[in-house]
Amino acid sequence: TFTGKGLTFGGSLIRKQATGYGLCYFVEEALQTIEKTGFSGKKVIISGSGNVALYAAEKAIELGATVIAMSDSSGIVYDPKGIDINKMIDLKEVQRKRINSYTKLVASAVYEEGANNIWKFPCDIALPCATQNELSINEAKLLVDNGVRIVAEGANMPCSLEAIEYFKENNVIFAPGKAANAGGVLVSGLEMSQNASFYPWTSEKVDETLKTIMREIFHNANNTASKYGFKYDLEFGANVAGFLKVAQAMLAQGVV
């Protein structure tokens, strides 16, 4: 009724891709701001192979990264040469097959049972996009030991509290889902804007607006963290920025 509609009755282009794309835009801005780098030349691990994971992988590759591993609930595929995202999208969205079938399409890929095994491979960027509590303290230690620089949540609460604290203690950038995976809800809002104006946007306009707002979300969280003495703590910044926005709205309306 309100959002996620089909394209023939008011839906928005880029809606399916929005969470994955937005996640990568957030990560790219975080890396550029904090480490003066980006996706280009980086090795990326992405758990899951649903909408968020598939399109995070697509965007990461577009931005110059190599996605070396993906997963589903049964196991993982690993390819140091990089996942062929077009083949993976066809496999999962068109053929509707399990991820182990990917090894029949790409000779250099290997399959291993056990979804949590995905975090053992050395990488620069880790994007947990599968399910809640999929990344525990044990996986966090593996990632840190193997040199990960940023962990950004594409799923809702995929990292345990112990894992999050471990990342922070070891100076790994942690991007919480409440900020980093906002792209889906964001494009839902853009869809309603298009409906209200009776004018559908091009995919380019939706994508560019998504990119702009995800960058703003990062800087809001980052600047808020710095303002209160928690530089680069994006979880703290996202929590406080969100609280302040609600509190200020309530004050403006005389609710409190």
Side-chain angles (χ1 to χ4, degrees), residues 19-39 42-48 52-53 56-57 59-60 63 65 67 69 71 116 118-186 214-244:
T19 306
Y21 282 14
L23 176 66
C24 289
Y25 292 144
F26 188 101
V27 170
E28 180 82 349
E29 194 69 11
L31 287 172
Q32 289 180 350
T33 302
I34 298 172
E35 300 209 329
K36 312 304 178 188
T37 181
F39 271 100
K42 300 295 193 301
K43 292 182 179 179
V44 183
I45 291 175
I46 302 177
S47 65
V52 181
K59 184 58 66 174
L63 292 170
V67 176
S71 65
N116 279 356
I118 194 169
W119 307 115
K120 68 183 181 181
F121 302 108
C123 68
D124 306 293
I125 300 168
L127 305 178
C129 296
T131 188
Q132 184 174 343
N133 293 325
E134 62 172 293
L135 203 163
S136 72
I137 183 65
N138 294 327
E139 287 79 42
K141 288 179 178 179
L142 284 173
L143 284 168
V144 171
D145 288 345
N146 285 329
V148 73
R149 292 306 310 136
I150 184 168
V151 178
E153 295 183 317
N156 292 320
M157 299 188 295
C159 298
S160 70
L161 292 176
E162 293 81 7
I164 293 168
E165 288 306 311
Y166 192 78
F167 291 138
K168 292 181 182 181
E169 290 167 3
N170 288 274
N171 298 313
V172 173
I173 303 165
F174 173 71
K178 65 191 69 180
N181 73 10
V185 174
L186 195 163
M214 291 305 301
R215 287 171 171 171
E216 291 172 354
I217 290 172
F218 163 75
H219 286 292
N220 190 10
N222 190 47
N223 293 340
T224 301
S226 296
K227 179 179 179 179
Y228 291 96
F230 291 84
K231 190 174 183 180
Y232 300 147
D233 188 333
L234 300 177
E235 183 186 35
F236 175 90
N239 284 337
V240 173
F243 172 82
L244 289 174

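The model shown is predicted, which means the values in this text are computed figures rather than measured ones. Note: hydrogens, waters and symmetry copies are ignored here, and every other heavy atom, side chains too, is used.
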Can you tell me how far apart [atom1] ([X]) and [atom2] ([Y]) are? Round to the nearest 0.5 Å.
X    : Y    : atom1 : atom2 : value
L31  : L63  : CG    : CG    : 10.5 Å
I173 : N222 : CD1   : CG    : 9.0 Å
I118 : L135 : CD1   : CG    : 10.0 Å
N170 : D145 : CG    : CG    : 8.5 Å

Which pairs with one or both residues in residues 118-133 pass side chain to side chain donor-acceptor pair (under 3.5 Å), sequence neighbours excluded?
-> E112-K120
Any donor-acceptor pair under 3.5 Å from S71 side chain to G48 backbone = yes
Which of these passes side chain to side chain contact (heavy atoms under 4.5 Å, CB included) with K42: V27, I150, I125?
-> I125
Only one of L143, V67, N146, V44 clears side chain to side chain contact (heavy atoms under 4.5 Å, CB included) with C123; which?
-> L143
Got a sec, which residues hit side-chain hydrogen bond (donor to acceptor under 3.5 Å, both in side chains) with [X], two or more places apart in sequence or on another chain?
X    : result
E153 : none
N239 : K178
S136 : E139

Can you name the side chain to side chain contact (heavy atoms under 4.5 Å, CB included) partners of [X], sequence neighbours left out?
X    : answer
D233 : K168, F230, E235, F236
A180 : L23, F26, A175
K227 : none
A130 : S47, E134

Check step by step if side-chain contact (heavy atoms from CB on, under 4.5 Å) holds for Y25 and K59.
-> CA-CA 9 Å; Y25 292 144; K59 184 58 66 174; 3.0 Å; yes
Any pair with a residue in residues 141-182 that passes ring pair (Phe, Tyr, Trp, His ring centres under 6.0 Å), sequence neighbours left out, goes on the list, sorted by first then second residue, please.
-> none
Scan for ring pair (Phe, Tyr, Trp, His ring centres under 6.0 Å) pairs involving residues 120-160, sequence neighbours excluded, and state none if there are none.
-> Y78-F121
Listed once per pair and sorted, the salt bridge (Lys or Arg N to Asp or Glu O under 4.0 Å) pairs that draw on residues 27-36, sequence neighbours left out | E29-R215, E35-R149
Would you be so kind as to tabulate the donor-acceptor pairs closer than 3.5 Å made by side chains of residues 155-165, with sequence neighbours excluded?
from : atom 1 : to   : atom 2 : distance (Å)
N156 : OD1    : N181 : ND2    : 3.1
S160 : OG     : A163 : N      : 3.1

Kindly give the heavy-atom pair with the smallest separation between T19 and G154, and that separation in Å.
-> CG2-O, 4.2 Å
